[in-house]
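Here, residue 1 is the first one in the sequence, and each next residue gets the next number. Not measured: the values here are computed from a predicted model.
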Amino acid sequence: MKKIISMLLVLTLCFSVGIKSTRTVKARTTITGFGTQNTGTLQLPNCGDAITFPNLVKVVSTTPEGHESEVDVAYHWCNLDTKKTYGSNWGEDYTDEVFIPGNWELIVWFGLNSDYNVYNLPQSYTFNRVIGGKEMTLADYQGACIGYKYQFVIEDTGIAPKISTTKLLNADKNRDYEDQIDLSYGTKPVKFSVVSGSLPNGLQLGEDGIIEGKPTLAGNYSFTVRAKNSYGYDDKKIYLEVLSDEDKIYNFTLDSSKEIIAPKVGDKISFPEGISIKSVDPVEARSNLRLFYRWANSDNTKSYTSDRPEDGVFTEGDWILYIYVAAENINYLFDYESFKQVESLKKISLGGTTFEATVLDQFVIGYTKTFSVKKEKITKKTPETTTKKRTVPPGKIKKVKPAKKSILLSWKKIKGVSGYHIQYSLKKNFKKKCKSMFVKSAKKTKAKIKKLKAKKTYFVRIRTYKIINKKKYYSAWSKVVKRKTK
């Protein structure tokens, strides 16, 4: 150990005083030309031929001289329709592969096997070259690799089918199911059938290779399928798992008996009350679900969860309320792929507030809503809002329905007022691009906001007014509601 440390110290000292390293770096050689000799004639494959590689050319000279052994020749068959490529230099086994009908190309690669060599060829080399009796064009030209290609078409003269599917998509018990057994190739028409084993009860295999139905028994299944045409057939063992309907939760609904009130600066951290899980599909999974909540500020430096209550207060800024529906037991997990297809689960309304789904996985479904927490402003009361004797009751929005370049608005009828004042804007602070409309009848509870921009989110609010001695007195604004036009 002492000897090793001493050696390291000596090396460190040598480098620190400027002793040069004895390591040499091999200079890069630039190859500006190479000569080839054809060693065979390209015989184009036919439909159904096995994948094999030709021997068409070898390198017999280079400029500068003496680098012939450093140029490797490789052949790639490329199916231009399926984008599948077979390479002679990849060391893969293509025993079961054949040429199928369609558009193909052969690429002949001249690759330098040394890191210190690079091509710098004139245009005459990179334009075209006769290889195996075929005039080929440039396929690719890189620093150490150049390829020439020849394209051709294989006609469909008839080929037996080959099944590519091994395992089908999982099925759910008592749920509609459909999947397709695929072919790598095969001249149509091809008919499918089960030759051994059996499908799960409730599923059928059509001659077109589609398996469909509604399985009635959970379990793991295997069966052999035959794909057959007039040129032959292929048998393949297929696997399929049917999951119990008790394993997955497909849907649920939430309900709220209390309004969710936006917090203010200085309020103690508290969580919504009155929210409950109303229904679950399947019903048996109801006891497996639980609700919990989380508050976090916008940069996530402060976070509070209902599972681990802590003392805290809301500070100024944006705060996000998370509502989570969690699967307690791994025997019941969410079928979150189905959840993504259910529009009613992407947005939910609770306590007068709309939440959007942001977490969708098999263990938890989460919804969020951002609240802007501000200091409560203390302002003097003016005739525009209220007086001691003339308090105007506030308006309340009942429903906001988006339509094509418009919004349908309905509100609660308020007694003792003269009419309603509606404001709508593309900005939630209503400071810019804000427009108004007045409804001069206290009996009306509906209005259509027209001439809006398509597919834009608008913020809407309403207040009442009362005319006394030819002067309007306004109530406070209602809660702001946002909707996206169609």
Shortest non-hydrogen contact from [X] toward [Y]:
X: Pro101; Y: Asp81; answer: O-OD2, 4.5 Å
X: Ser164; Y: Ser184; answer: CB-OG, 3.3 Å
X: Ala139; Y: Ile107; answer: CB-CG2, 4.1 Å
X: Tyr324; Y: Gly366; answer: CD2-CA, 3.8 Å
X: Cys47; Y: Gly158; answer: SG-O, 3.8 Å
X: Pro272; Y: Leu321; answer: CG-CD2, 3.8 Å

Are any of the side-chain nitrogens in [X] or [Y] under 4.0 Å away from the carboxylate oxygens of its partner?
X: Glu178; Y: Lys214; answer: no
X: Glu135; Y: Arg129; answer: no
X: Arg290; Y: Asp307; answer: yes

**Message:** Test side-chain contact (heavy atoms from CB on, under 4.5 Å) on Ile323 and Phe271; report intermediate values, then the result.
**Reply:** CA-CA 10 Å; Ile323 298 178; Phe271 301 97; over 6 Å; no

Cut-off 3.5 Å, side chains only: do [X] and [Y] have a donor facing an acceptor?
X: Arg294; Y: Ser306; value: no
X: Thr253; Y: Ser279; value: yes
X: Thr457; Y: Arg483; value: no
X: Asp156; Y: Thr187; value: yes
X: Asp182; Y: Gln180; value: no

Please check: side-chain N/O of [X] versus main-chain N/O of [Y], any donor-acceptor pairing under 3.5 Å?
X: Thr485; Y: Lys455; answer: yes
X: Ser276; Y: Lys278; answer: no
X: Gln204; Y: Gly202; answer: yes
X: Tyr424; Y: Phe430; answer: no
X: Ser406; Y: Lys404; answer: yes
X: Asn120; Y: Thr32; answer: no
X: Asn297; Y: Asn300; answer: yes
X: Tyr458; Y: Lys453; answer: yes
X: Ser88; Y: Ala74; answer: no
X: Asp234; Y: Ala227; answer: no

Any chance the rings of [X] and [Y] have centres within less than 6.0 Å?
X: Tyr119; Y: Phe34; result: yes
X: Tyr322; Y: Trp295; result: no
X: Phe53; Y: Tyr75; result: no

Rounded to the nearest 0.5 Å, what separates atom [atom1] in [X] from atom [atom2] in [Y]?
X: Asn117; Y: Thr29; atom1: CG; atom2: OG1; answer: 5.0 Å
X: Thr216; Y: Asn201; atom1: OG1; atom2: CG; answer: 4.5 Å
X: Asp255; Y: Leu350; atom1: CG; atom2: CG; answer: 8.0 Å
X: Asn79; Y: Thr85; atom1: CG; atom2: OG1; answer: 8.5 Å
X: Lys149; Y: Leu80; atom1: NZ; atom2: CG; answer: 8.5 Å
X: Ser478; Y: Gln423; atom1: OG; atom2: CD; answer: 10.0 Å

**Prompt:** Can you check side-chain contact (heavy atoms from CB on, under 4.5 Å) on Leu183 and Thr165, steps first, answer last?
**Reply:** CA-CA 7 Å; Leu183 296 175; Thr165 300; over 6 Å; no

With a 6.0 Å cut-off (strictly less than), is the heavy-atom count around [atom1] of [X], excluding the residue itself, greater than 12?
X: Lys479; atom1: NZ; answer: yes
X: Lys236; atom1: NZ; answer: yes
X: Lys167; atom1: NZ; answer: yes
X: Phe292; atom1: CZ; answer: yes

**Message:** What verdict does the side-chain hydrogen bond (donor to acceptor under 3.5 Å, both in side chains) test give for Thr137 and Asn128, after you've listed the backbone C-alpha separation in whole Å, the side-chain angles of each residue and the deciding distance to 0.1 Å?
**Reply:** CA-CA 4 Å; Thr137 57; Asn128 56 29; over 6 Å; no

**Message:** Evaluate Asp172 against Asn174 for side-chain hydrogen bond (donor to acceptor under 3.5 Å, both in side chains), listing each step before the verdict.
**Reply:** CA-CA 6 Å; Asp172 295 320; Asn174 297 324; over 6 Å; no

**Request:** Please name the residue in the list Tyr150, Phe99, Trp77 that meets the ring-ring contact (aromatic ring centres under 6.0 Å, His included) test with Trp104.
**Result:** Phe99

Do [X] and [Y] have side-chain heavy atoms sitting under 4.5 Å apart?
X: Pro200; Y: Val242; result: yes
X: Val57; Y: Val108; result: yes
X: Leu106; Y: Leu42; result: yes
X: Thr354; Y: Ile348; result: no

**Request:** Go through Val71 and Asn113 one step at a time and tell me if the side-chain contact (heavy atoms from CB on, under 4.5 Å) criterion holds.
**Result:** CA-CA 6 Å; Val71 183; Asn113 57 35; over 6 Å; no

**Message:** Walk me through whether Asn46 and Thr157 qualify under side-chain contact (heavy atoms from CB on, under 4.5 Å).
**Reply:** CA-CA 8 Å; Asn46 296 312; Thr157 57; 5.7 Å; no

**Request:** Show the numbers, then the answer: is there a salt bridge (Lys or Arg N to Asp or Glu O under 4.0 Å) between Glu68 and Lys58?
**Result:** CA-CA 9 Å; Glu68 294 84 4; Lys58 67 178 180 180; over 6 Å; no

